[in-house]
Amino acid sequence: MVESEHGWVGRGILTAEETSQGMGLGQGNYVLNKHTGVITAHRSLPPDLIGEEFDQAIETGQPVQGSRVYPPLHRIHLLKTFEDPQTVQYQVHVTELEQPNNPPTTELITIDKETLHFQPSGGPLSQAAAWAEMLSRTTGSWPTDETIDR
C-alpha cells in the first residue's frame with residue numbers, strides 16, 4: 001500500500017507461487033480516494049506513479065484516469081423476453097444509484113449468441129450484455145432474470 005496526498009494505492013498480494021508463475025506481470029492498481037471513498041481501478045504502473053497521477057488529476061480538476069469500481073453507479077436488471085437458437089433478447093432496466101429519484105431507463109437489447117454482438121450498445125447496456133454472456137458460459141444457459149450493481 002502506498003499513500004499519496006489524496007488517496008491510497010494498492011494491489012493484490014500474490015503468493016510466492018503466483019509470483020514465480022509470473023502472475024504479477026501486468027497486475028493493476030486500485031486507488032481509494034481519501035476524500036470520497038470511491039475506489040478506481042488503474043493500469044499496471046508502479047503504485048507510486050499511479051499515486052502521483054491520481055494526485056495531479058485531483059489537484060488540477062481533471063478526470064481520474066481509472067475506472068470506478070466502488071461504489072457502483074448503476075443497478076442493472078435483465079429480464080429475458082425472447083430466445084431462439086441464434087439470439088437472445090433482454091429488457092434492461094437501469095437505475096442510477098447516485099440519483100435514485102430519477103426514473104429508471106428501459107431498453108431492449110438483442111445478443112447474437114454466436115458472435116456475441118449486441119444492439120444497442122454502450123454504458124450499462126454493454127455491462128448487461130457482458131454479464132448475461134458470462135452467466136451463459138458458466139451455467140450453460142442464458143439467464144432469465146438477473147440484477148447486478150455496476
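It should be emphasised that the depicted structure is a prediction, and the values quoted were computed from it without experimental measurement. For the numbers below, each heavy atom of this structure counts, side chains included, while hydrogens, waters and symmetry mates do not.
Here the side chain of Asp149 pairs no donor or acceptor atom with the backbone of Ile76 at under 3.5 angstrom. Of the possible polar contacts, one joining the Gln27 side chain to the Gly12 backbone as a donor-acceptor pair under 3.5 Å is found. Asp55 places a side-chain N or O within 3.5 Å of a backbone atom of His6 that can act as its donor or acceptor partner.
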Q.
One pair to check against side-chain contact (heavy atoms from CB on, under 4.5 Å): Trp142 and Ile111. What are the steps and the verdict?
A. CA-CA 11 Å; Trp142 289 85; Ile111 304 170; 4.0 Å; yes

(Q) Let's go through Gln127 and Arg150 carefully: what are the C-alpha distance in whole Å and the side-chain angles of both, what is the deciding distance for side-chain contact (heavy atoms from CB on, under 4.5 Å) to 0.1 Å, and is it a yes or a no? (A) CA-CA 8 Å; Gln127 295 172 344; Arg150 291 282 189 253; 3.2 Å; yes

Q: Given side-chain contact (heavy atoms from CB on, under 4.5 Å), test Arg68 with Leu73 step by step and report yes or no.
A: CA-CA 8 Å; Arg68 181 173 171 159; Leu73 293 170; 3.3 Å; yes

Q: Using the side-chain contact (heavy atoms from CB on, under 4.5 Å) rule, take Thr106 and Gln91 through it: C-alpha gap first, then chi angles, then the decisive distance, then the call.
A: CA-CA 7 Å; Thr106 302; Gln91 185 176 55; 3.6 Å; yes

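Rounding to the nearest 0.5 Å gives a distance of 9.5 Å between CG of Leu49 and CG of Asn29. The NE2 atom of His93 sits 6.0 Å away from the NE2 atom of His77 when rounded to the nearest 0.5 Å. Taking OH from Tyr90 and CD1 from Ile109, the interatomic distance works out to 8.0 Å, rounded to the nearest 0.5 Å. Between Glu52 atom CD and Phe54 atom CZ the span is 13.5 Å, to the nearest 0.5 Å. Note that OG of Ser67 and CD1 of Ile39 are 12.0 Å apart. Values are rounded to the nearest 0.5 Å. Expressed to the nearest 0.5 Å, how far CD1 of Ile58 lies from OG1 of Thr36 amounts to 7.0 Å.
In terms of heavy atoms, Ala132 sits closest to Leu78 at CB-CD2, 3.9 Å. The two atoms that bring Pro143 and Ser136 nearest to each other are CD-N, 4.4 Å, heavy atoms only. The two atoms that bring Ala57 and Pro63 nearest to each other are CB-O, 3.7 Å, heavy atoms only. Considering all non-hydrogen atoms of both residues, Arg11 and Pro47 come closest at NH2-CD, 3.8 Å. Here the shortest heavy-atom pairing between Ile13 and Glu18 reads O-OE1, 4.3 Å. Between Gln65 and His42 the shortest heavy-atom distance is O-ND1, 3.1 Å.
Thr87 and Asp112 form no side-chain donor-acceptor contact under 3.5 Å, judged by distance and modelled atom types alone. Looking at Glu17 and Gln21, their side chains do bring a donor and an acceptor atom within 3.5 Å of each other. Side-chain atoms of Thr110 and Gln89 include a donor-acceptor pair closer than 3.5 Å.
No chain of hydrophobic side-chain contacts below 4.5 Å, direct or via other Ile, Leu, Val, Met, Phe, Trp or Tyr residues, connects Leu25 to Ile50. Linking ILVMFWY residues whenever their side-chain heavy atoms come closer than 4.5 Å, directly or via other members, leaves Leu97 and Ile148 in distinct clusters. Hydrophobic cluster membership differs between Val9 and Leu32, with clusters built from Ile, Leu, Val, Met, Phe, Trp and Tyr side chains linked at under 4.5 angstrom. Trp8 and Val69 fall within a single hydrophobic cluster, where Ile, Leu, Val, Met, Phe, Trp and Tyr are joined by side-chain heavy atoms under 4.5 Å apart, directly or via other members. In the hydrophobic cluster analysis, where Ile, Leu, Val, Met, Phe, Trp and Tyr join through side-chain heavy atoms closer than 4.5 angstrom, Leu125 is grouped together with Trp131.
Ion pairing between Lys113 and Glu83 holds under the 4.0 Å rule for side-chain N and carboxylate O. The existence of a salt bridge linking Glu5 and Lys34 is excluded, since no basic side-chain nitrogen approaches an acidic carboxylate oxygen closer than 4.0 Å.
Residue Phe118 qualifies as enclosed at atom CZ: its count of foreign heavy atoms under 6.0 Å is above 12. In this structure, Arg75 places its CZ atom where only 12 or fewer heavy-atom neighbours from other residues, nucleotides or ligands lie under 6.0 Å away.
Looking at heavy atoms from C-beta onward, Val38 lies in side-chain contact with Pro71 at the 4.5 angstrom threshold. In this structure, Pro124 and Val94 have side chains that are in contact, with non-hydrogen atoms separated by less than 4.5 Å.
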